[in-house]
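Below: one structure, written as structure tokens.
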Amino acid sequence: MLSTQTISEHASEDSCWIIVHGKVYDVTGFLDEHPGGSKIILKYAGKDATEAYEPIHPPNAIIDNLSTEKHLGDVDPSTVTKVVKVISEAEKQRQALIAKRPPLDEILNLHDFEAVAKVILPDKAWAYYSSASDDEITIRENRAAYQRVWFRPRILRDVTVVDWSTTILGQKSNLPVYISATALGKLGHPDGELNLTRAAGKHGVIQMIPTLASCSFDEIVDAALPNQPLFLQLYVNRDRTITKRYVQHAEKRGVKGLFITVDAPQLGRREKDMRMKFVGDDAGAKVQENMSGVKKDEGVARAISSFIDPSLSWKDLPWFRSITNMPIILKGVSTPEDAVLALEAGVQGIVLSNHGGRQLDTSRSGLENLIDIVNVLKTRGPWPNPNFSVFVDGGVRRASDVLKALALGASAVGIGRGFLYAFCSYGEAGVEKAFKILGDELEMNMRLLGARNLKELVPEMVDANALQAHVGATPRDNLFDSTYQPLRLAEFKAA
Ligand code: 173
């Protein structure tokens, strides 16, 4: 056992020990390999790093990444000075607000979860989750696009019974919606992604596990019911042996689809996240003063994304096919040109996605791209193509959004933030409620639309003529609206 005194003597780049979950690790040789850079570890050199480690890393990350001789043993508890943790005023206020949340039965739609999450989340978490790239034009367009599509409902069709169940990549799903991957769930709730897994299991919904989940992959799979279908979102590592191990482990554990993210060779600049970086973090403030070379302009996401391989290309796809039998889906396709390349490459599907507006700003919405892409795919084989699924995500909050995307040819729709905010604000019960809301909305909208099942949703049920006209949805311009003074008009002379 090691005393805290001994540990604190290893607080430099030459010898860096840290404590995580009561165990001591020598991370000196790992400093340069840490995906988030060495400086962030050095902040905790010689000290307990558990609190900073927890929301960002799966529990086993440090054990798996360090060879056993670097596992130095337990901290001697008799040497630990119990610090009474001072709860900040801001945290006290936050807890008081959590206690005053609206009761769950007053939550009527997915927007409500978002409004509650904004109030009760720590600022850092809200900034990370809600932020999008640059001027945040695409994230707003993702919602606006759905508002430019109008329904053409059919009548007198005996809609007593309506059924919105489906299969997604051959897996039964009670909703034509899957839970899309969002990273770092523990920033927003202590149980992180497990809230989604448990609720999804109870309600027959499919969850896509994120590579950068706060919970470990195995914790998530262990929390699923036997035979509960799960998908995996993959960030491809520069070290392909790591990716291969990860993918093959996932397949062995029963994952039913591999969604390779292809729109993030570099992470977009999410300025709200970047501005939060060191705010309210005393240790961070010191680093900022004392250390040159700390990247002050990196938010949570960018700091931990350096392992992602920007060299990923079409040439890699045969390799993925050779290492797994799971269906392979490319997540982040935006053009008919790439949709055709994906079809020709023999993958099993694509997700029309702009990464929730977090990557290339002013890229178009998945919904708008769906129209062009379906038109081209129709000329390249059977439609719908049972061997090639087209999914859409981004901005989906209402069943009416879901129905519009399905009518225009989507196989199913992904929702990321909608479910994320449901668990941030109400845990697992929030996610269950979100499923219930979507089911109720689907039932009503399908009756009113005259579609008794998802097959009866046809392109003629929507008017998408305005979709490609971006007028009317011109977003606010932050520079002109917030910083510049308004133009002045001619003024009368003072009397
Ligand atoms: O959108 C994201 O924030 C994201 O995909 C990501 C990527 C790398 C690290 C953390 C999150």
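Positions are given from 1, in the same order as the sequence printed here. As the structure lists them, so they are numbered: ligands from 1, and atoms in each ligand from 1.
- Of all the atoms in ligand 1, the ones that sit under 4.0 Å from a non-hydrogen atom of A183 are 11 (C).
- The closest approach between Q359 and ligand 1 stays at or above 4.0 Å for every heavy atom of the residue.
- Looking only at protein heavy atoms, the nearest one to atom 11 (C) of ligand 1 is Y128 OH, 3.0 Å.
- Salt bridge annotation for K85-E51: present, with a cationic side-chain nitrogen under 4.0 angstrom from a carboxylate oxygen.
- Ligand-side atoms of ligand 1 in range of R358: 1 (O), 2 (C), 3 (O), range being under 4.0 angstrom from any heavy atom.
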Can you check ring-ring contact (aromatic ring centres under 6.0 Å, His included) on W17 and Y44, steps first, answer last?
CA-CA 9 Å; W17 294 6; Y44 297 94; over 10 Å; no
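- Side chain to side chain, D372 and Q468 meet the donor-acceptor criterion of an N or O pair below 3.5 Å.
- The side-chain tip of R397 does not point at the ring of F419 from less than 6.0 angstrom away and within 45° of straight on.
- An N or O contact shorter than 3.5 Å links H355 to ligand 1 by distance.
- Protein heavy atom nearest atom 10 (C) of ligand 1, with residue, atom name and distance: L212 CD1, 3.6 Å.
- At the top of the distance list for atom 5 (O) of ligand 1, counting protein heavy atoms only, stands Y235 OH, 2.4 Å.
- When only non-hydrogen protein atoms are considered, atom 2 (C) of ligand 1 lies nearest to R270 NH1, 3.2 Å.
- Note on R269 versus D361: no salt bridge recorded, every NZ/NE/NH1/NH2 to OD/OE distance being 4.0 Å or above.
- Neither the backbone nor the side chain of T182 has any atom closer than 4.0 Å to an atom of ligand 1 (non-hydrogen atoms only).
- Here the side chain of Q207 pairs no donor or acceptor atom with the backbone of I179 at under 3.5 angstrom.
- When only modelled atom types and interatomic distance are considered, D309 and S311 share a side-chain donor-acceptor pair under 3.5 Å.
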